[in-house]
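Handing you this structure, nothing more for now.
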Amino acid sequence: MAGELSPIDKAKFVAAKRAAQYVEDGMRVGLGTGSTAAWLVRCLGEMVRDDGLRIKGVPTSSRTAALAREVGIEVISLDEAKWLDLTIDGADEFDGDLNLIKGGGGALLQEKIVATASDQMVVIADVGKEVETLGAFPLPIEVIPFGWQTTQALVEETLISMDVLGRTSTLRMNGEVPFVTDEGNHILDLHLNRIGNARQLALVINQMPGVVENGLFIDICDAVVIGYGDGRVEVRDINEGTVATERLDFVETDNLFSDLSD
């Protein structure tokens with residue numbers, strides 16, 4: 001029940017609920033990965049079941065695909081969709097220009113491919129994800145397993161010339177073994193603390209052999225829906241230059257909140 005949710009989960013829920021209003025009948029929609037995106041998938045599933053919404057979802061991870069099918073959303077591949085009307089996804093950080101750090105859930109490669117193949121990208125986040133300058137959250141980069149330690153050394157050496165405060169990196173683990181992405185790759189988390197020039201850093205990192213993609217999403221996000229624990233949402237549209245605040249009423253819906261795990 002919504003009344004039993006923690007403030008942070010309430011914030012994620014209202015952001016997702018408001019962002020679901022962007023989705024129209026017949027759309028091809030990119031479905032993000034992570035705890036906030038999971039709320040969105042649940043909300044859309046409710047709309048499919050109760051309101052007859054007809055959409056085709058392109059998930060950004062295997063776990064999002066499983067959840068989407070579970071709640072009744074038709075799932076297709078990006079190759080089948082070719083192009084998307086909209087992608088809705090979460091973020092680990094966003095700044096005032098709606099630049100993002102993503103990849104905390106390990107799906108940054110598919111997330112970036114799907115987002116850039118969309119007419120519009122909307123980010124849903126709780127207010128705690130907003131930062132003045134990106135970099136407090138470790139920046140994930142996806143690297144191929146072959147020679148990953150060499151790639152890591154090259155990345156750390158290159159960071160010396162970048163406008164960042166920290167220059168260490170760690171291999172993301174899944175228990176005792178390295179984390180493996182849906183594409184069979186590893187994740188290096190860069191502990192930068194502050195990124196002075198995100199655009200430059202993204203370009204430089206992606207030029208390194210062994211690096212597949214980085215978690216900086218620059219000039220990709222069109223709008224962000226920010227949720228608050230008291231039910232308020234703030235919608236910022238960078239293209240329209242508008243900021244709107246509203247309040248969403250909680251509706252206790254057993255089907256929406258049951259079996260939802262982050």
Side-chain angles (χ1 to χ4, degrees), residues 29-38 40-41 57-68 77-78 84 86-95 97-118 120-125 129 131 134-146 148 151-152 154-156 158-159 162 164 166 169-174 178-192 195 198-222 224 262:
V29 182
L31 305 173
T33 294
S35 59
T36 311
L40 181 277
V41 174
V58 175
T60 54
S61 68
S62 56
R63 57 189 182 276
T64 295
L67 179 59
S77 69
L78 182 59
L84 304 178
L86 171 69
T87 287
I88 304 177
D89 203 349
D92 298 301
E93 283 186 346
F94 67 91
D95 66 14
D97 295 322
L98 304 195
N99 294 317
L100 321 169
I101 286 182
K102 289 181 50 57
L108 65 97
L109 177 58
Q110 291 190 24
E111 288 174 336
K112 188 173 281 190
I113 292 172
V114 168
T116 53
S118 304
Q120 186 178 24
M121 182 194 188
V122 174
V123 161
I124 48 179
K129 301 295 173 53
V131 295
L134 298 176
F137 190 91
L139 173 65
I141 62 172
E142 186 159 340
V143 299
I144 66 169
F146 175 79
W148 72 264
T151 303
Q152 181 182 32
L154 178 62
V155 168
E156 291 186 350
T158 302
L159 289 175
M162 296 288 99
V164 296
S169 65
T170 54
L171 178 69
R172 187 176 299 183
M173 303 296 290
N174 182 15
F179 175 86
V180 178
T181 70
D182 280 354
E183 303 301 320
N185 297 317
H186 294 332
I187 297 283
L188 292 176
D189 289 308
L190 310 188
H191 304 276
L192 308 177
I195 301 172
R199 189 184 307 275
Q200 178 192 46
L201 181 63
L203 290 172
V204 170
I205 287 178
N206 273 15
Q207 291 175 349
M208 297 181 191
V211 174
V212 181
E213 190 53 82
N214 70 84
L216 286 166
F217 284 50
I218 310 297
D219 298 334
I220 296 175
C221 176
D222 296 286
V224 61
D262 291 350

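Quantities reported herein were computed from a predicted structural model and do not represent experimental measurements.
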Between OG1 on residue T36 and CD1 on residue I124, distance to nearest 0.5 Å: 6.0 Å
Inter-residue atom distance I205.CD1 - I141.CD1, 0.5 Å rounding: 5.5 Å
Minimum heavy-atom distance between L201 and L192, given as atom pair plus value: CD2-CD1, 3.7 Å
Any V143 side-chain heavy atom under 4.5 Å of Q152 side chain: no
Donor-acceptor contact present, side-chain N185 to main-chain V180, <3.5 Å: no
Min side-chain heavy-atom separation P209-L154 under 4.5 Å: yes
Value rounded to 0.5 Å, distance of CG in L109 from NZ in K102: 12.0 Å
Test item: H186 side-chain N/O and F179 main-chain N/O as donor-acceptor pair under 3.5 Å: yes
Flag, side chain of S118 to backbone of L84, donor-acceptor distance under 3.5 Å: no
Those residues that, when tested against D222, pass side-chain contact (heavy atoms from CB on, under 4.5 Å) (two or more places apart): Q120, M121, N239
Heavy-atom closest contact (L188 atom, L171 atom, distance): CD2-CA, 3.9 Å
Those residues that, when tested against T116, pass side-chain contact (heavy atoms from CB on, under 4.5 Å) (two or more places apart): K112, I220
Considering all heavy atoms, the nearest H191-S169 contact: CD2-CA, 4.0 Å
Main-chain N/O of L108 paired to E213 side chain as donor or acceptor, under 3.5 Å: no
Verdict with supporting geometry, L139 and V164, side chain to side chain contact (heavy atoms under 4.5 Å, CB included): CA-CA 11 Å; L139 173 65; V164 296; over 6 Å; no
Steps toward side chain to side chain contact (heavy atoms under 4.5 Å, CB included) verdict (M208, T158): CA-CA 9 Å; M208 297 181 191; T158 302; 3.1 Å; yes
Note, V204 side chain near M162 side chain (heavy atom, < 4.5 Å): yes
Check: S62 main-chain N/O paired with D182 side-chain donor or acceptor under 3.5 Å: yes
Distance (rounded to the nearest 0.5 Å) between L31 CG and T60 OG1: 7.5 Å
Heavy-atom pair with the smallest gap, counting every atom of S77 and V58: O-CG2, 4.0 Å
Test side chain to side chain contact (heavy atoms under 4.5 Å, CB included) applied to D89 and V114, step by step: CA-CA 10 Å; D89 203 349; V114 168; over 6 Å; no
L78 side, atom CG; Q110 side, atom CD - distance, nearest 0.5 Å: 9.5 Å
Whether D92 side chain and G104 backbone form a donor-acceptor pair below 3.5 Å: yes
Min side-chain heavy-atom separation P178-R172 under 4.5 Å: no
Check: L216 main-chain N/O paired with N214 side-chain donor or acceptor under 3.5 Å: yes
Shortest non-hydrogen contact between L98 and C221, atoms and distance: O-CB, 3.4 Å
Non-hydrogen atoms of T181 and G106 that approach each other most closely: CG2-O, 3.7 Å
Spacing of CD1 belonging to I113 relative to OG1 belonging to T87, to within rounding of 0.5 Å: 11.5 Å
